[in-house]
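Report on the structure given below.
We name chains A, B, ... by the order of the sequence lines, and we start the count at 1 in each one.
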Amino acid sequence: MVLTIRNVTKRFPGQTAETAVLRGVSLNLEGGRSLALTGESGSGKSTLLHLAGALDQFDSGEIEIGGTCLSGLSDSQRAALRRRDVSLVFQQFNLIPSLNISKNIAIHARLGGRWDEGWEKRLTDRLGLTGLVRRYPEQLSGGQQQRVAIARALAVRPKLLLADEPTGNLDETASAAVMELMLELVRESGTALFLVTHSEAIARMLDQRLHLRHGTAA
Amino acid sequence: MTGTALLAILSHWRRHPLQLATLIAGLALAAGLWSAVQAINAEARASYARAAEQLGTAGLARLVPETGSIPIARYGELRRSGWKLAPVLEGVVSFDRQSFDIMGVDLLQHPQAPVLAEAAEAESSTALEALRPPGRIFAHPETAALLSEAQQIHPVTRLAALPRGIGMADLSLASQLLRQPDSLSYLLVLPEQTPGLVPLSELAPDLTLIPARAAASDTARLTDSFHLNLTAFGLLSFAVGLFIVQGTIALSLEQRRGMIRTLRSLGVPMRLLSGLFATELAAIALVAGIAGLAGGYVVAAALLPGVNATLAGLYGASVDGTLSLRPGWVLSGLAMTLGGTFLAGSQSLFALWRLPMLASPATHARGQQASRSHVTSAICGAACISAGLMVFSFFQGLVAGFAFLAAVMLGAALLLPLLISAGLSLGAHMAKSALAEWLWADTRAQLPGMSLALMALLLALAANIGVGTMVSSFRLTFTGWLDQRLFAEVYVTAASDEQGAELAQWLDEQEITALSRRYHDTRFKGAPLRVYGFEDDASYRSNWPLLDAVPDVWDQTARGEALLVNEQLARRHKLAPGSILEIEPGWRLPIAGVYSDYGNPNGQAMVSLQALLKHVPGLPNRNFGLSTGPLEVSGLIKSLREKFDIPRENITDQATVKARSLEVFDRTFVITAALNLLTLGVAGFALLTSLLTLWSQRLPQLAPVWAMGVTRRQLAAAEVLRSLLMAACTAVLALPLGLVLAWVLLSVINVAAFGWKLPMYLFPLDWLRLFVLALLAAVIAAALPAWRLSRIDPADLLKVFANER
């Protein structure tokens with residue numbers, strides 16, 4: 001099991017146990033499989049995604065990534081986990097404007113010490129980025145930037161890929177194309193995909209689905 | 001509509017109080033240092049003017065001799081032709097080893113006559129009594145106390161209306177004290193003259209008429225260059241402060257682009273918006289200007305003693321009185337703040353004016369955009385430097401020198417972003433790890449936001465290197481010069497001519513070489529000139545610091561066939577070996593050599609003692625330089641004191657004179673060091689404010705890197721490293737600029753300001769110290785943002801991804 005979430009709760013300052021953003025959520029996700037996390041705005045989707053990515057700390061419960069329990073990990077241990085085993089794709093792409101596309105794609109893999117030139121080339125070819133690698137993010141369209149973000153996330157060959165509305169900025173056609181490509185690559189690399197979306201169409205494309213309502217699984 | 005739009009615009013500051021504080025602080029700093037310098041200058045000039053007024057010479061034209069003095073008979077002739085003139089004889093007299101400036105005037109006719117008479121009457125005397133032997137000296141109470149203590153022959157009347165350090169007496173007494181009978185220094189042309197007189201130019205073609213406005217006192221004339229130096233420093237600090245302001249204004253307008261777009265789409269015209277932004281800037285400038293004035297007053301009050309020490313050290317001048325609020329510098333401070341604010345904001349306001357209604361909000365200059373702006377800035381920089389070089393090639397003098405410096409410094413500042421960008425690109429190419437690669441690239445991406453602060457740092461560091469090199473070179477030259485010039489081991493002053501003669505005889509008997517030091521004060525082209533008579537001795541031939549000379553300089557001079565002049569006299573009047581100098585009417589000698597004479601603002605000449613005594617007989621013979629073995633100094637001093645009862649203060653050994661001279665030298669440059677430090681402080685503050693204002697824009701760039709597994713602590717360390725990298729690049733580039741500045745100061749500004757050219761020495765240890773200081777400033781500036789980053793809540797970083805910011 002790549003991702004195991006057991007009875008996790010999370011409260012932000014000012015929230016009570018009753019109004020906590022997450023109230024005992026659990027799920028399991030295997031490598032090569034994908035899970036869509038859906039729910040209304042404010043239901044805790046992004047928070048759960050952040051917790052699963054070792055970006056934030058939960059109040060109770062447990063999260064395991066590739067067998068490593070997140071509770072009790074120090075800041076640097078969590079960072080090391082993110083470098084090697086977890087990748088993220090966000091709606092805003094969050095590319096690094098000062099690096100060209102080639103370096104943007106390679107940076108996470110190189111930080112994690114898992115850079116493979118051949119794999120990177122395959123990714124850029126598959127994602128149609130080959131002619132764009134010398135450019136800078138500001139010189140690309142939204143769809144192109146999102147494909148770079150996906151290439152960056154997969155270049156590290158993570159155990160777990162987290163995606164928060166990854167196609168939220170794209171039109172329906174582009175969105176479907178990007179999703180298909182991402183799912184194909186995820187399966188190919190044996191990565192578990194945990195994806196937050198509002199889109200019913202995208203949710204249907206994934207293997208599993210979890211709907212959140214007021215911080216609990218509906 | 002106007003009120004609503006204004007409220008919307010101003011709401012920005014509620015969300016960005018730090019930015020507002022930065023803007024006000026930057027402006028206040030710029031205005032503060034400028035106002036401080038202006039306050040000091042205004043105070044000094046007022047003090048000189050007050051002194052001139054108290055001496056009754058203010059606002060009066062004067063007739064000066066081309067060389068030497070004006071014979072009393074000549075004055076009589078002019079008076080008989082109907083002109084109302086007031087004669088003045090000036091000079092320095094020594095009482096009990098203390099020097100006093102003496103001004104001899106016609107007590108019955110001088111513009112200050114009523115004041116003097118009143119003062120005399122207040123002490124149960126009369127002005128007439130002051131005309132009779134032994135005469136009477138009028139002086140400021142402080143000077144009067146010193147005069148009364150130093151001599152008891154001539155009664156001293158205390159008169160608070162006179163400036164400190166000068167004694168006023170009737171001409172008869174002054175000519176007796178100065179041993180200059182029948183001669184006058186200049187004639188004041190009194191205001192009320194009978195109409196229809198023959199013009200003075202016809203009556204006295206041998207005398208030069210200096211109009212009232214140009215007839216500033218010697219002090220005011222000599223110190224002009226010093227005040228120009230101060231103004232230049234103030235302007236530099238002002239420019240450095242404006243760099244902070246420019247960056248902050250640009251950022252505040254950039255951050256409000258979204259709001260501007262919304263307001264315009266809601267129907268607020270661009271003209272109104274521009275007006276509102278201008279009003280906002282003016283209001284902020286006014287608040288900051290007032291704060292700057294208050295700060296400037298405090299700084300000026302703190303610096304004034306240092307300025308006094310400098311003026312005393314360089315020119316023997318003093319700034320009398322305490323600092324006061326003068327409309328001149330207060331208004332100039334406010335005007336400079338307002339003008340500076342609009343200058344700093346003009347580019348942003350212009351960009352705002354041209355902003356299309358649907359422009360996207362806050363797009364930061366990145367990659368290509370930034371490179372283009374670096375190239376444009378570098379082209380402007382190169383143009384500035386070229387213009388400076390042209391000024392330097394075609395014009396000479398102090399103003400041309402400062403114009404060249406300003407152009408080169410501004411040009412170098414504009415070239416800086418491109419040069420740093422090139423350095424950072426090189427670093428990125430050489431980087432091995434992904435983190436290093438990101439750090440170099442990200443540092444380059446931060447450059448547009450940091451470049452103004454770095455320009456400020458460049459200017460401050462270059463000013464430090466330049467001025468520091470100038471002062472240290474000066475000190476080194478001065479020390480070497482003292483070693484050369486002070487070749488006698490002991491300097492002694494006899495109480496009277498009789499004792500002087502006894503002393504000379506005793507020293508001769510003891511076979512101790514005693515070189516007599518006699519001089520005569522006169523004027524050359526309206527300025528004071530001291531003519532020394534020297535006895536031919538091997539010590540002079542082997543030690544005297546000659547800069548330029550004919551081959552047999554000492555033989556010619558010793559024979560009385562030629563003379564030596566100091567560098568400042570030579571430069572001021574374009575004299576060189578071979579030129580002829582007229583010391584007194586009819587006494588003309590060719591110049592055989594030019595010698596360095598640092599620290600003396602006035603002209604000086606050296607002739608053989610015989611030649612001097614031939615033209616000015618009866619000069620006092622009281623000062624001697626004694627050459628003896630270094631080990632015999634204390635024994636000789638003891639013998640002299642026992643034998644002749646000479647007070648301790650009248651005998652000085654060489655080491656003490658050198659120590660005193662160096663002490664005066666060091667005190668002279670206290671103000672320079674203070675201004676250097678303040679400018680560096682302003683630059684450090686600029687760096688801090690840039691980093692703090694950039695902070696709000698940094699998270700979107702840092703959060704993805706953090707999400708990829710770089711810890712907050714590593715990111716914080718990278719922030720410090722980035723600041724260090726940029727400061728280090730800037731400091732390295734500041735070195736050549738500083739050396740250019742030093743060279744111009746030593747070879748152009750000093751020559752124009754003081755009349756001497758100094759060799760340039762290099763002080764690598766000082767550079768190293770400054771380099772470390774710059775890095776320290778960078779670490780301190782980055783410490784707060786880095787600390788905040790290392791402690792930031794992950795939730796704040798996650799907001800970047802959640803698009804909730």
Subject >> Which atoms of B/Trp706 approach chain A - backbone, side chain, both or neither, heavy atom under 4.5 Å >> reply: both
**OP:** Find the one option among A/Ala54, A/Ala79, A/Ala106, A/Ala153 whose heavy-atom pairs under 4.5 Å with chain B are most numerous.
**Re:** A/Ala79
Original post:
Side chain, backbone, both or neither: which part of B/Gln714 has a non-hydrogen atom closer than 4.5 Å to chain A?
Top reply: side chain
Original post:
A/Arg78 versus chain B, heavy atoms under 4.5 Å apart: side chain, backbone, both or neither?
Top reply: neither
Subject >> chain A contact via B/Ser433 - which portion, at a heavy-atom distance below 4.5 Å >> reply: backbone
Subject >> Backbone of A/Ser71 reached by a side-chain donor or acceptor of A/Glu62 within 3.5 Å >> reply: yes
Original post:
Where the side chain of A/His108 meets the backbone of B/Ala707, is there a donor-acceptor pair that is under 3.5 Å apart?
Top reply: no
Original post:
Does the pair A/Arg122/A/Asp125 count as a salt bridge with the N-to-O cut at 4.0 Å?
Top reply: no
**OP:** Classify the side-chain pair B/Ser790/B/Arg712 by whether it contains a donor and acceptor separated by less than 3.5 Å.
**Re:** no
**OP:** Using the ring of B/Trp438 (Phe, Tyr or Trp, six-membered ring only), decide whether B/Arg722 places NZ or CZ under 6.0 Å from its centre and within 45 degrees of its axis.
**Re:** yes
Subject >> side chain to side chain donor-acceptor pair (under 3.5 Å) between B/Gln701 and B/Arg698, intermediate numbers included >> reply: CA-CA 5 Å; B/Gln701 288 141 29; B/Arg698 293 288 294 141; 2.8 Å; yes
**OP:** Name the region of A/His50, side chain, backbone, both or neither, that has any atom closer than 4.5 Å to a heavy atom of chain B.
**Re:** side chain
Subject >> chain B contact via A/Ser46 - which portion, at a heavy-atom distance below 4.5 Å >> reply: neither
Original post:
Do A/Ser141 and A/Gln144 get their side chains close enough for a donor-acceptor pair, meaning under 3.5 Å?
Top reply: yes
**OP:** Output the option from A/Asp164, A/Asp56, A/Leu55 having the highest count of non-hydrogen pairs under 4.5 Å with chain B.
**Re:** A/Leu55
Subject >> Choice from A/Asp75, A/Leu88, A/Leu95 maximising heavy atom contacts with chain B below 4.5 Å >> reply: A/Asp75
**OP:** Can you tell which part of A/Ile96 gets under 4.5 Å to a heavy atom of chain B, answering side chain, backbone, both or neither?
**Re:** side chain
